[in-house]
Amino acid sequence: MKLATRLASGLIAAAAAFSFAAGVAHAEDKQITLGFAQVGAESAWRTANTVSVKAAAKEAGINLKFSDAQQKQENQIKAIRSYIAQKVDVIAFSPVVESGWEPVLQEAKRAKIPVILTDRNIDVKDQSLYVTMIGSDFMEEGRRAGKWLEDHYKNNPGPINIVELQGTVGSAPANDRHAGLIEVIKNDPKFKIIASQSGDFTLAGGKQVMEAFAKTYGNKINVVYAHNDDMALGAIQAMEEAGMKPGKDVSVVSFDATKGGFEAMIAGKMNVDVECSPLLGPQLMSAVKDVVAGKQLPKRIVTNETVFPESVAAQVLPSRKY
Ligand code: GYE
């Protein structure tokens with residue numbers, strides 16, 4: 001090769017390398033678009049979760065497309081389909097219920113769009129339909145509540161009659177908070193769940209179901225086991241209107257540990273609140289970035305949580321973030 005040719009080909013190679021590097025840098029800089037299909041706005045937990053997701057996306061420089069399914073699976077499926085049609089980079093959603101997700105997740109898979117589950121789990125055979133699940137262990141939350149009950153009533157021979165206000169029918173937290181409690185109390189016959197009904201995780205739903213329970217069971221009720229704070233707060237109102245004393249004659253056990261729950265504990269109307277953190281935004285955004293960068297993620301990312309008895313409520317409330 002002549003010197004001139006060699007020089008020229010060297011230059012071409014250098015230029016090619018430069019533009020390749022520039023191309024890579026460009027690909028890395030490309031803003032990630034995330035489609036997030038939220039459950040709804042049914043509770044204080046959910047509102048805090050939405051705020052966390054939106055703030056974390058902004059902070060991470062991720063372009064967020066957000067939709068609210070108003071607690072209906074069909075709306076969530078529509079939202080996911082529209083994210084597929086828009087060719088977003090990643091889809092994340094908090095599934096309203098556990099079953100019925102295969103078809104739409106197959107569509108996402110065919111379109112090669114990775115899916116991340118947040119907050120609630122799903123029931124699918126094919127684990128390749130989602131990358132990871134970020135959220136709480138609801139079974140463990142149920143067990144924690146059950147252990148609190150065992151401890152609280154250890155010197156009481158019973159019977160201890162429990163009425164249960166369940167979350168959305170078929171949702172992971174409703175299924176698992178029920179199952180976790182059963183696992184703990186099933187060997188102790190003094191505990192009896194005398195009634196169970198869904199209040200759909202809302203204050204109005206909890207109040208309505210509790211009004212009916214109060215009428216039917218009256219002072220036979222020893223414990224209200226509410227699957228979230230909003231329903232517990234509704235139940236407290238219903239009990240007070242029925243002349244009962246929540247937190248005193250009736251133990252109130254709840255989940256989430258929102259500010260509303262803490263205030264009820266400080267007022268002596270709720271006895272224990274099992275923590276469930278909605279602040280999943282930052283973990284979600286880092287998972288989104290990792291997935292786009294081709295990194296391997298663990299199949300399950302569990303949030304750290306604890307239990308707050310009413311005795312610590314006044315001290316802890318100022319540090320609560322939701
Ligand atoms: O406990 C409830 C909300 O999925 C953990 O949904 C979440 C639950 C939460 O409506 O307040």
Side-chain angles (χ1 to χ4, degrees), residues 36-53 68-73 75-76 92-99 101 116-123 130 133-145 164-181 197-210 224-236 252-264 270 272-281 283-284 300-308 320-322:
F36 184 81
Q38 180 58 291
V39 170
E42 73 282 5
S43 63
W45 189 102
R46 189 64 53 198
T47 307
N49 180 246
T50 293
V51 169
S52 171
V53 168
D68 172 335
Q70 300 187 330
Q71 289 185 282
K72 292 202 176 72
Q73 182 175 32
N75 292 345
Q76 238 178 358
F93 75 114
S94 173
V96 179
V97 291
E98 290 194 270
S99 60
W101 295 105
I116 297 176
L117 304 176
T118 71
D119 160 34
R120 297 183 181 177
N121 220 328
I122 57 173
D123 190 9
Y130 66 93
M133 195 277 147
I134 304 169
S136 311
D137 180 344
F138 302 132
M139 269 298 272
E140 182 55 27
E141 291 175 356
R143 285 185 207 111
R144 286 177 181 161
E164 182 182 25
L165 298 172
Q166 293 206 349
T168 302
V169 176
S171 69
N175 292 342
D176 293 352
R177 286 172 185 165
H178 172 79
L181 169 70
Q197 205 177 309
S198 173
D200 211 12
F201 281 129
T202 67
L203 188 140
K207 184 167 184 213
Q208 205 183 339
V209 173
M210 194 63 217
V224 171
Y225 183 79
H227 288 193
N228 81 340
D229 283 348
D230 298 71
M231 291 193 296
L233 296 178
I236 289 170
V252 178
V253 177
S254 182
F255 297 85
D256 287 352
T258 57
K259 286 185 180 162
F262 271 80
E263 279 153 11
M270 185 188 284
V272 64
D273 210 348
V274 178
E275 187 182 30
C276 177
S277 176
L279 309 177
L280 306 176
Q283 268 173 310
L284 171 60
R300 185 78 176 84
I301 301 172
V302 183
T303 15
N304 278 336
E305 285 149 358
T306 183
V307 176
F308 298 109
R320 297 301 292 160
K321 296 205 169 54
Y322 59 93

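Note that ligands are numbered from 1 as they come in the structure, with each ligand's atoms numbered from 1 the same way. All values below come from the heavy atoms of this structure, side chains included, with hydrogens, waters and symmetry mates left out.
For the pair Tyr322/Leu279, a side-chain contact is recorded, criterion being any heavy-atom separation below 4.5 Å from C-beta on. In this structure, the side chains of Glu42 and Thr168 stay at 4.5 Å or more apart for every pair of heavy atoms. Within the 4.5 Å cutoff, side-chain heavy atoms of Tyr130 are placed close to those of Ile122. Side-chain atoms of Met231 and Met210, non-hydrogen and from C-beta on, never get closer than 4.5 Å to each other.
Every atom of ligand 1 with a heavy atom of Glu42 under 4.0 Å away is listed here by number and element: 3 (C), 6 (O), 10 (O). Residue contact check: Asp119 has heavy atoms under 4.0 Å from atoms 4 (O), 5 (C), 7 (C) of ligand 1. Short contacts between ligand 1 and Asn228, defined as distances under 4.0 Å to a heavy atom of the residue, involve ligand atoms 2 (C), 11 (O). For ligand 1, the atoms sitting less than 4.0 Å from at least one non-hydrogen atom of Ser43 are 2 (C), 3 (C), 10 (O), 11 (O), numbered in the order shown with element in parentheses. Each of the following atoms of ligand 1 lies closer than 4.0 Å to a heavy atom of Cys276: 5 (C). Atoms of ligand 1 lying under 4.0 Å from any heavy atom of Pro173, numbered from 1 in the order shown and given with element: 4 (O). The Phe201 neighbourhood of ligand 1 comprises atoms 2 (C), 10 (O), with distances under 4.0 Å to a heavy atom of that residue.
Checking only distances, Trp45 never comes within under 3.5 Å of ligand 1, N or O to N or O. Below 3.5 Å of separation, one finds an N or O of Arg46 facing an N or O of ligand 1.
Proximity of Arg177 to ligand 1 is established by a heavy-atom distance of less than 4.0 Å.
Of the listed options His227, Arg120, Glu141, Arg120 places a heavy atom closest to atom 8 (C) of ligand 1.
Asp123 and Ser99 form no side-chain donor-acceptor contact under 3.5 Å, judged by distance and modelled atom types alone.
When the ring-ring contact (aromatic ring centres under 6.0 Å, His included) test is applied to Phe308, the partners found at least two apart in sequence or on another chain are Phe262.
Atom 1 (O) of ligand 1 has its closest protein heavy atom at Asp256 OD1, 2.6 Å.
Heavy atoms of Pro278 found under 4.0 angstrom from ligand 1: none, in either backbone or side chain. Heavy atoms of Phe138 found under 4.0 angstrom from ligand 1 belong exclusively to the side chain.
Between Tyr225 and Phe255, the ring planes are perpendicular. Angles over 60° get that label, and only those under 30° would be called parallel.
Within a 6.0 Å sphere centred on CD of Gln208, heavy atoms belonging to other residues, nucleotides or ligands number 12 at most.
At least one donor-acceptor pair under 3.5 Å links the side chain of Glu305 to the backbone N or O of Ser277.
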